[in-house]
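So the structure is just underneath, and the comments pick up after that.
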Amino acid sequence: MNIKELAEFLNLSTATVSKALNNKSDISNHTRKKVLEAAEKLGYRPNASARHLRSGKVGAVALLLPAADGGNVHTASFFMRIARGLQSSLKASGIDPVIHITTDRQGEQQLLQKIIEQNRADAVILTDTRIDDERILLLNDRRFPFVTIGQSRVLKGHFNWVDFHHEEMGRQCVRFALRQGAKRIAVATLGADSMHGLQFLDGCLEEMRESGQTPNDGLIFFGAVAESSGEEAMQKFMQQNAKPDFIIFINDFLLMGACHYLAGLPDCGLDEKSMLCATASSDFSSRVMSSACLFTVDHEEVGRQLGEAVLRVTQGDNAVKSVLLTLPVNAIRHHII
DNA sequence: TGATCTCGGTCTGCGCACCC
DNA sequence: GGGTGCGCAGACCGAGATCA
């Protein structure tokens, strides 16, 4: 059953039927009611591909998960929960989130090119933004609508993004460590060109300086979103003459690796109480290690903010809006304090 | 072989007919 | 004359068919 057959059944034109179905104003209530009843009775459903052909829209937004060799299987659970909020906020507009996973940056770049050139989505949502993010430049150059989860220095940060207040998170982690009596704080953050890794470290270092502590390069580690990075961080810290008495990890993966490392060093002077991570990236660790995380993430709210941004860019709204989310302190961790 | 046409289903700008 | 309701025609895009 297509609109033509429905129109023939009603002895009306397809234009009239289309207008009635789409609630246009120049249709009488009598005709509208007749069309809607017939459509319901005959089981008419609009042909999605034809509708997209007509509107020039695909009806999908591409959510690109962080490119990582196998590692994004774990971080995927973090973004899946965000995607759920995103989906519910986009439901009414008929746009569905489509999740893409790539294993390396080359594959990610090729995928992005394909989405742009073949018009495979109405907008792109980038995650894991970088300090100098060439993906943002590409999307901007091609005038392809996009939103990011995270900031970047490109375009002077003037694009639509939703992000957590990583500097503030870093500051609060240091304040927490100081309240525990920490004298030598180590920080394990994300390296390469991770924007939020840099922001988190900046927050930690600023708070340390303001509280009279001198940051030590030997107590700063740049890693990846992987447990092995947590172990490497511990190896570095344990080699220092002045070993840390408190360690802050940007995420749970590094913390889990550190805990694994510590299991083999029971007398090193550190235990799980002298370690902390900012947020949980994976669904697994958010349950098992919930007390080790200082902040809780409202995934639904992140998804909702993303959904609003996606609607704006797909509707051609050129006004740039940035959303900075401040995360609440984890109640469980607070209780343990 | 390259150019042009046709087809699929939906939507909408514009114009026409009708009625008050 | 103006408002209302309806229909025509064309646009959207890509693949396949047809023609010169």
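Within every chain, numbering begins at 1; the chains are lettered A, B, ... in the order of the sequence lines, protein sequences first and strands thereafter. Every heavy atom of this structure was used, including side-chain atoms; hydrogens, water molecules and symmetry mates were not. Values in this document were obtained by computation on a predicted structure and should not be read as measured data.
- A salt bridge is defined here as a Lys NZ or Arg NE, NH1 or NH2 lying under 4.0 Å from an Asp or Glu carboxylate O, and A/E108 with A/R135 meets this definition.
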- Message: Determine whether A/E37 and A/K33 satisfy the following criterion, salt bridge (Lys or Arg N to Asp or Glu O under 4.0 Å), listing intermediate values before the conclusion.
- Response: CA-CA 6 Å; A/E37 284 176 355; A/K33 186 168 179 284; 3.0 Å; yes

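- Separation of the A/H299 and A/F79 ring centroids does not fall under the 6.0 Å cut-off.
- Note: CG (A/N23) to P (C/dG5) measures 13 Å, nearest angstrom.
- Taking atom CG of residue A/L21 and atom C1' of nucleotide B/dC11, one finds them 11 Å apart after rounding to whole Å.
- Here the nucleotide nearest the side chain of A/T16, chosen from C/dC6, C/dA9, B/dT10, is C/dC6.
- Straight-line distance from the CG atom of A/N29 to the C1' atom of C/dT4: 12 Å, rounded to whole Å.
- A salt bridge is defined here as a Lys NZ or Arg NE, NH1 or NH2 lying under 4.0 Å from an Asp or Glu carboxylate O, and A/E167 with A/R171 fails to meet this definition.
- Between B/dG9 and A/Y44, no contact under 4.0 Å exists linking OP1 or OP2 to a side-chain N or O.
- Between A/H30 atom NE2 and C/dG5 atom C1' the separation is 12 Å, expressed in whole Å.
- A/L12 has its CG atom 10 Å from the C1' atom of C/dG7, to the nearest Å.
- Listed nucleotides: C/dC8, B/dC11, C/dC6. Nearest to the side chain of A/T14: B/dC11.
- Regarding A/E8, its CD atom lies at a distance of 17 Å from the C1' atom of C/dC6, rounded to whole Å.
- For A/S18 and B/dT12, the shortest distance from a side-chain N or O to OP1 or OP2 is not below 4.0 Å.
- B/dC11 atom C1' lies 8 Å from atom NZ of A/K24, rounded to whole Å.
- Regarding A/R120, its CZ atom lies at a distance of 14 Å from the C1' atom of C/dG14, rounded to whole Å.
- For A/N2, whose side chain is taken as the heavy atoms from C-beta onward, the closest listed nucleotide among B/dG9, B/dC11, B/dG13 is B/dG9.
- Between A/S28 and C/dT4 there is no side-chain N or O to OP1 or OP2 distance below 4.0 Å.
- A/R304 and A/E301 are joined by a salt bridge, as a carboxylate oxygen and a charged side-chain nitrogen come within less than 4.0 angstrom of each other.
- Checking C/dG5, B/dT10, C/dG7 against the side-chain heavy atoms of A/I3 singles out B/dT10 as nearest.
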